[in-house]
Amino acid sequence: MTTFSDLGLSDEIIRSVSTMGFEEATPIQQETIPLAMQGRDIIGQAQTGTGKTAAFGIPLLEKLAIDSERIQGIVLTPTRELAVQVAEELNKLGQFKGIHTLPIYGGQEIERQIRALKKRPHVIVATPGRLMDHMRRHTIRLQEIKIVILDEADEMLNMGFVEDIETILQEIPEERQTLLFSATMPRQIQNLAQRFMKNPEIIRTKSKEITVSNIEQHYMEVQEKLKFDVLCRLLDIQSPELAIVFGRTKRRVDELSEALTKRGYSAEGIHGDLTQSKRDSVMRQFKDGTIEVLVATDVAARGLDIGGVTHVYNFDIPQDPEGYVHRIGRTGRAGKTGLAQTFVTPREMDHLRLIEQIIQRKMIRKPVPTIIEAVEGQQRLAMEKILRVIAEEDLNVYKGLAKDLLEETDSVTLVAAALKLLSKEPGTVDITLSEVAPIRTRTAKRRPFEAKPYGRTDRSRRNNHWDKSDTKKSAWKPSSYHKH
Ligand code: ADP
Ligand code: MG
């Protein structure tokens, strides 16, 4: 076991990790931290949930000069949610060193960000488009940057940020250190590394095991029209503590969360068309358990670290194998087990096989649950509630009334009535979702996680874009144009 003290860190950082409850460094942290502290450029590839933020965050924070007035470190992330989350983690890690990290993302008023920038953050965590806005306005200067980190680099490329990233990297002094983290290593990332990094050390942890073994992966062949009823039955049978349902488009997410609410589930949707404050409040409610079912697009949930998600439902099969891996990675975190359930329409079965082939895992086929099973599931839940109350609560004040009731009716009828009251009966509200076309398999054969990325790379076809202001094409040209 490698502790953080073994890694030769400052007392302040050791104190912050122990306050955060970290005992042992994760494999990617053990390998990345010492090399990065020596100043090496690093390409890190590791599963989600393996602690990549601290792996780059700790060396970043250790290198900063606390009394400098300039921004010395930049982390680029694909989405604003991730920017906020990474900045939060860095602020926690840097709390005893007095290092201040600011998230900078599209969608938030730029004036407000400019005011926050005047407070002289040491580090910013930014989405590429918004960072470009600030560069154009000269409200962020990159001349003193000592270290740059690209987090979720493959996703940034899939979202079409490649030119922005190149422009940004060209603007930062060459003497900097560059760290790049990515779940996958498509050719484009290798190119980027070749152009902008200096003799990078590649760190892969457990690269063989692409999906996590503590996630049970099931699939069901379901007709498009029946998917919604099947989802409701599964929710009734499995009664997840916290579930994420993935839909393909923003519209789909809206329709699904509305439909689930009509059927009596506490559900909310999250995607890029919602206001920032709405999204924040949905995430908060989901994290504290007020909402049981979060309906999301891929991009909305990418990289988010939400503890306690027990079930992931792929209402629509994901387009890309990477997407699949990322979606199911929302559950089974921190060593807990999770269940991922994918709906596949008959015409999408080839696509499912392709995903299995690429992730090198078989999903287990499950029969579509019947309505009877759903009813039984809810009844079982009601029974468990009653048994728990018997075991844990003081019932004396209710016993008088119970005896009165038993004089009017027999005990079996009485308990049956209680069970009925406690059971959620299958919803009968009619739901019609908009039609969607099945996903089609691309015919070209590709080797696992190599060659071209599976994701869309051109901006025009990008769907569910999360960060509206980041989609603007920029007319800005770098002033000093130097290649590495
Ligand atoms: P990744 O970027 O690889 O998906 P994160 O950096 O988001 O992973 O970390 C996932 C979770 O694990 C976070 O809640 C983080 O605080 C926690 N974590 C990170 N490192 C450790 C550690 N060494 N021990 C325990 N928890 C950790
Ligand atoms: Mg991460």
Side-chain angles (χ1 to χ4, degrees), residues 1-7 9 13-34 36 42-61 75-95 101 103 123 125-127 149-156 158-159 179-185 189 203-207 209-212 214-215 242 244 283 286-287 298-309 312 322-323 325-336 338:
M1 156 165 163
T2 307
T3 65
F4 286 92
S5 324
D6 300 334
L7 296 172
L9 307 175
I13 294 289
I14 291 180
R15 206 170 133 210
S16 61
V17 290
S18 80
T19 310
M20 291 164 81
F22 301 0
E23 287 168 4
E24 197 183 341
T26 65
I28 187 93
Q29 291 165 355
Q30 287 173 29
E31 296 198 44
T32 307
I33 293 170
I42 290 171
I43 298 179
Q45 186 177 7
Q47 295 166 15
T48 49
T50 51
K52 291 191 283 294
T53 315
F56 63 71
I58 290 173
L60 163 73
L61 298 170
V75 183
L76 291 176
T77 65
T79 66
R80 61 183 99 177
E81 266 64 24
L82 215 48
V84 168
Q85 185 179 298
V86 168
E88 261 172 28
E89 181 109 338
L90 294 183
N91 276 321
K92 279 189 215 153
L93 285 167
Q95 59 186 314
T101 301
V123 178
V125 184
T127 51
I149 293 133
L150 309 180
D151 192 18
E152 307 259 2
D154 52 351
E155 182 63 10
M156 289 199 281
N158 283 347
M159 290 170 69
L179 310 180
L180 181 155
F181 291 84
S182 192
T184 62
M185 286 296 151
I189 295 211
I203 296 176
R204 277 203 188 94
T205 56
K206 284 211 223 132
S207 61
E209 200 181 343
I210 298 163
T211 52
V212 236
N214 55 349
I215 301 175
L242 284 181
I244 302 184
M283 288 310 297
F286 187 60
K287 282 182 180 173
D298 285 282
V299 182
R302 174 83 183 207
L304 288 183
D305 175 38
I306 309 162
V309 175
V312 166
E322 282 101 328
V325 172
H326 279 281
R327 284 182 181 188
I328 71 165
R330 299 305 99 213
T331 181
R333 287 172 82 94
K336 297 208 189 82

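Here the structure is a predicted model, which means the values were calculated and not measured. Just follow the structure's listing: the first ligand is 1, and inside any ligand the first atom is 1.
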Legend entry - Heteroatom distance test (E23, ligand 1): nitrogen or oxygen, under 3.5 angstrom: no
Inset, instruction - Answer yes or no: does an N/O atom from G51 fall short of 3.5 Å to an N/O atom of ligand 1? - result: yes
Legend entry - Per-atom contacts of ligand 1 with T50, taking only distances under 4.0 Å to non-hydrogen atoms: 1 (P), 3 (O), 8 (O)
Legend entry - Minimum heavy-atom distance between I33 and F4, given as atom pair plus value: CD1-CE2, 4.4 Å
Legend entry - Per-residue contact class, F4 against ligand 1 - non-hydrogen pairs under 4.0 Å: side chain
Legend entry - Qualifying residues under side-chain contact (heavy atoms from CB on, under 4.5 Å), relative to I14, sequence neighbours excluded: S5, L9
Inset, instruction - Examine distances only and state if a side-chain atom of Q29 and a backbone atom of G51 form a donor-acceptor pair shorter than 3.5 Å. - result: yes
Legend entry - By side-chain contact (heavy atoms from CB on, under 4.5 Å) - contacts of S182 (at least two apart): A153, D154, L180, T184, M185, I189
Inset, instruction - For ligand 1, indicate whether the residue E89 contacts it via side chain, backbone, both or neither (heavy-atom separation under 4.0 Å). - result: side chain
Legend entry - Single hit among L61, I28, V86 for side chain to side chain contact (heavy atoms under 4.5 Å, CB included) with F56: V86
Inset, instruction - Report, in ascending order of atom number, the atoms of ligand 1 lying under 4.0 Å from any heavy atom of E24. - result: 22 (C), 23 (N), 24 (N)
